[in-house]
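One structure below.
Here the structure is a predicted model, which is why all the values come from computation and not from measurement. Protein chains get the first letters and strands the later ones, always in sequence-line order, with residue 1 at the start of each.
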Number of protein chains: 2
Amino acid sequence: MNPDHPSPRKNRSSNSDGRTRLPVAQDVAELAGVSIATVSRTLNEPEKVRPATREAVMKAAAELGFVLNSAARALSTRRSSTVGVIVPSYGNEVFVRALSSFQRTMRAAGYQVLAASSEYDLATEMQEAAFLLQRGVDGLMLVGGIHDPDLYARAERSQVPIIQSFSLSDREYCVGFDNREATFRAANYLLDLGHKRLAVVTGTRENNDRAAPRAEGVHLAMAERGLELSPAHDLIVSSGIVAGRDAFGQLMGGPKEQRPTGIICGTDEIALGIMSEASERGVDIPRTLSVIGFNDSSFSAVLSPPLTTIRVDADEIGKSSALALLNLMGAKTMVQVTRITPELVLRGTVAPPDKL
Amino acid sequence: MNPDHPSPRKNRSSNSDGRTRLPVAQDVAELAGVSIATVSRTLNEPEKVRPATREAVMKAAAELGFVLNSAARALSTRRSSTVGVIVPSYGNEVFVRALSSFQRTMRAAGYQVLAASSEYDLATEMQEAAFLLQRGVDGLMLVGGIHDPDLYARAERSQVPIIQSFSLSDREYCVGFDNREATFRAANYLLDLGHKRLAVVTGTRENNDRAAPRAEGVHLAMAERGLELSPAHDLIVSSGIVAGRDAFGQLMGGPKEQRPTGIICGTDEIALGIMSEASERGVDIPRTLSVIGFNDSSFSAVLSPPLTTIRVDADEIGKSSALALLNLMGAKTMVQVTRITPELVLRGTVAPPDKL
DNA sequence: ATAGCAATTGAAAGCGTTTACATCTTTGGT
DNA sequence: ACCAAAGATGTAAACGCTTTCAATTGCTAT
């Protein structure tokens, strides 16, 4: 490396303003005494070039510190080796976990992932998707199955496969679970324990095929036993811990004999808020109030008492979604639906109702 | 072959196998009756093209559903409008928050962000960075100031600016705070309350300029008062809630008169683990043990008792880092160091030591 | 009208790869 | 040895955009 070496010929390692320019395939080719095509081959299909040549190229590339320009590669191959993910929010641990394992899997397959969040808004999601599509992602992971129709249209047009997660579908490829069934079971568990008045509180259910079915599951379980879930016991809150605190107030405000004895929450964060408020107001959990969360967030097991919750294997969802998408991008045939099984994790926040 | 050979009729809207091809600038140009250069201008510098022409182009683009190919654009401009972020882990809420606000800010400026996690490992970080650099990111956000020297070298070579976060530096551009001072203050607060035996427990301190200084801060505060922090009261654990539980056992295992009366934790997760174990073992917090966390994670305020912690404005860090990086990428001059002020949030886990 | 000038527009040369296709080497069978 | 077949390498044309520079157009002020 001799920056000021006066070279009579075209000096490939510096440009007009004297700055050393980054080496390109051409430079490697010259140094190795081969053509640029061979350089490309050595990098992409090493087995197709003779060992001796291969090594010469490798050596030259290493010497120059050559790094392939992926924009050029993307332009030429029409594939970006990039995939996109849009989650509703980074504030929900379960999405972050899924995203993380999705990313890990994709990364291992040589893909980078572009992530975005929709803030539970269809228009925002569409906007982010458009951005990702323009960026040329080769695949897209979405949460849930309710999206702007235009999103599907554009993805289709660009031939970008979509994998849906966290909910099931019979029209799209998906990795998810039956949200309604999950809470249906949890509700039945409570009902079997003797509870008669259940409440359900979730985050927004608008355009949300996870929260809405979760509420339905509780309604359904009660209906099957001839019980009715009072509208006052069916709450939609803005997600998050503080929302849970508020919910407690609304739910437990009425006369004692009308208060729910068990609450099923759409997320552990909501459950935590409820527990926190209960503790503050001196309401004993699980003695006078049973609580069931959703997701089994990391903090749930160490609360006092430990939160009974519906565990969903977010890592598995992330990983399987990545694998599925990888298959779709390879145009391979594959199973359309991957069903994950949520599990009711029994801990300390559930007990039979107070017999009073 | 033959340059003057009349090219076969070019059907711009479909290719050989009949599939409708995505429209490109050329198609828009033809439909609008202008040149491809004008299409480009309309899209990038609308003010430079006459209103009438602009509208014609816009109309044509909309009609065809034209989407600019960003790989081609990146190749041509040598800028990808993409930035990279590498955080130590997605398991720490504070990094996710910073990442999220970093992303929001970048997104608003027209950049996409590629995120990666290093799992607190320098080699992994280097690998991810290399991947990002190859991807042609225009800028990079890193957590802390301890990285593979080669990382700096390569970034420099590609002229990719780096913004360091969560710690301060006098050599690099950074948005962070003085980690040592933060715990130093917290320790002094406890000391002022009358505590004599403090403990500190953090995650790994190897190549970590956040955890290590946090431990130092506690040592320093005690040293200034002629007290010594027993090695047995200085723990390094793998981060996370369960690690905190273990830490409790180790710390509180000794004879009563040697146990610490106050613990300062490197993260709220560790503090939560400690609180959980304390509760299980019937150790009263804050009566017989004071606990201070770090970061003010979302759950901290609603624990019982609410966790006293050192709040760091992660959103601010993410946003300011993004702004700083945006400036650096624009080659604008800017402040080198943005100092964030951590705040000790007094809640329920701290009290004077038991006078026994 | 018309020169003079500024504002628009177009032509064409990149940007750095990949990849048919053509060409040149090997290799193996006889 | 010799020829065909197989294998390795090179040539050159995309890929779809940006951008310089020159040519054209539209104005304003004579």
Side-chain angles (χ1 to χ4, degrees), chain A residues 10 12-13 15-16 21-30 32-57 60-61 64-81 134-136 138 158, chain B residues 1-5 7-8 10 12-13 15-17 21-30 32-57 60-61 64-81 134-136 138 158:
Chain A
K10 191 156 70 167
R12 287 320 247 108
S13 68
N15 64 21
S16 48
R21 206 210 40 194
L22 290 174
V24 298
Q26 178 67 50
D27 303 321
V28 177
E30 281 172 18
V34 300
S35 81
I36 181 180
T38 299
V39 172
S40 177
R41 276 190 214 102
T42 350
L43 263 29
N44 299 305
E45 328 165 274
E47 74 285 355
K48 289 204 170 180
V49 12
R50 205 185 326 166
T53 319
R54 188 193 312 162
E55 274 162 38
V57 173
L64 295 174
F66 171 70
V67 176
L68 204 139
N69 179 316
S70 38
R73 174 185 239 276
L75 178 58
S76 193
T77 61
R78 296 121 170 292
R79 323 183 340 95
S80 66
S81 293
Q134 154 148 22
R135 218 40 153 226
D138 297 333
S158 311
Chain B
M1 316 292 130
N2 197 339
D4 346 43
H5 212 74
S7 70
K10 275 189 182 174
R12 283 329 236 117
S13 67
N15 63 21
S16 46
D17 64 69
R21 208 210 41 193
L22 291 174
V24 298
Q26 179 66 49
D27 303 322
V28 177
E30 281 171 18
V34 299
S35 81
I36 180 182
T38 299
V39 172
S40 178
R41 276 188 213 102
T42 317
L43 263 28
N44 298 303
E45 330 165 273
E47 73 285 357
K48 288 201 172 182
V49 11
R50 206 183 328 166
T53 318
R54 187 193 313 163
E55 273 162 39
V57 173
L64 295 173
F66 170 71
V67 175
L68 205 141
N69 178 317
S70 39
R73 174 187 239 276
L75 177 58
S76 192
T77 60
R78 296 118 171 292
R79 320 183 340 96
S80 66
S81 294
Q134 155 148 23
R135 221 39 156 227
D138 297 332
S158 311

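- As judged by a 4.0 angstrom heavy-atom cut-off over every strand, B:Val34 is placed among residues touching the sugar-phosphate backbone only.
- Ranking D:dT18, C:dT17, C:dT9 by closeness to the B:Thr53 side chain, first place goes to C:dT9.
- Out of D:dG16, D:dC17, C:dT17, the shortest distance to the side chain of A:Ala25 is found at C:dT17.
- Contact annotation for A:Thr77: backbone-only contact, meaning every heavy-atom pair under 4.0 Å involves sugar-phosphate atoms and none involves a base.
- With C:dT17, D:dT9, D:dC17 as the choices, the nucleotide that has an atom nearest any side-chain atom of B:Ser76 turns out to be D:dC17.
- Within the 4.0 Å cut-off from OP1 or OP2 of C:dA7, not a single side-chain nitrogen or oxygen of B:Arg50 is found.
- Nucleic acid contact class of A:Ser70 (heavy atoms, under 4.0 Å, all strands): none.
- If you take NZ of A:Lys48 and P of C:dA20, they are 9 Å apart, rounded to a whole angstrom.
- The distance between atom CZ of B:Arg73 and atom P of D:dT19, rounded to the nearest whole Å, is 8 Å.
- Look at CD on A:Glu45: it is 13 Å from P on D:dT9, rounded to the nearest Å.
- Within the 4.0 Å cut-off from OP1 or OP2 of D:dT18, at least one side-chain nitrogen or oxygen of B:Asn44 is found.
- Considering only side-chain N and O atoms, B:Thr38 lies nowhere under 4.0 angstrom from the phosphate OP1 or OP2 of C:dT8.
- Ranking D:dG16, C:dT17, C:dT9 by closeness to the A:Ala72 side chain, first place goes to C:dT17.
- Among all heavy-atom pairs drawn from A:Leu75 and B:Ala71, the shortest one is N-CB, 3.8 Å.
- Taking atom CG of B:Leu75 as the reference point, atom P of D:dT19 lies 12 Å away to the nearest angstrom.
- Between C:dG10 and B:Ser35, a contact under 4.0 Å exists linking OP1 or OP2 to a side-chain N or O.
- The phosphate of C:dT17 (OP1 or OP2) has no side-chain N or O of A:Arg78 nearer than 4.0 angstrom.
- Whole-Å rounding puts the A:Glu30 CD to C:dG16 P distance at 13 Å.
- B:Ser76 places no side-chain N or O within donor-acceptor distance of the main-chain N or O of B:Ala72, the cut-off being under 3.5 Å.
- Atom CD1 in A:Ile36 sits roughly 13 Å away from atom C1' in D:dT9 (whole-Å rounding).
- Listed for the A:Ser80 side chain is no donor-acceptor partner under 3.5 Å among the backbone atoms of A:Ala74.
- A:Ala37 comes within 4.0 angstrom of a nucleotide base, judged by non-hydrogen atoms across all strands.
- Between B:Arg41 and D:dT18 there is no side-chain N or O to OP1 or OP2 distance below 4.0 Å.
- Here the closest non-hydrogen pair linking A:Ala56 and A:Ala32 is O-CB, 3.9 Å.
- Of the possible polar contacts, one joining the A:Thr42 side chain to the A:Val39 backbone as a donor-acceptor pair under 3.5 Å is found.
- One can place CG of A:Leu22 at 13 Å from P of C:dC15, the figure rounded to the nearest angstrom.
- Nearest heavy atom pair, residue A:Arg135 against residue B:Ser70, reads CA-OG, 3.2 Å.
- Taking atom CZ of residue A:Arg21 and atom C1' of nucleotide C:dG14, one finds them 13 Å apart after rounding to whole Å.
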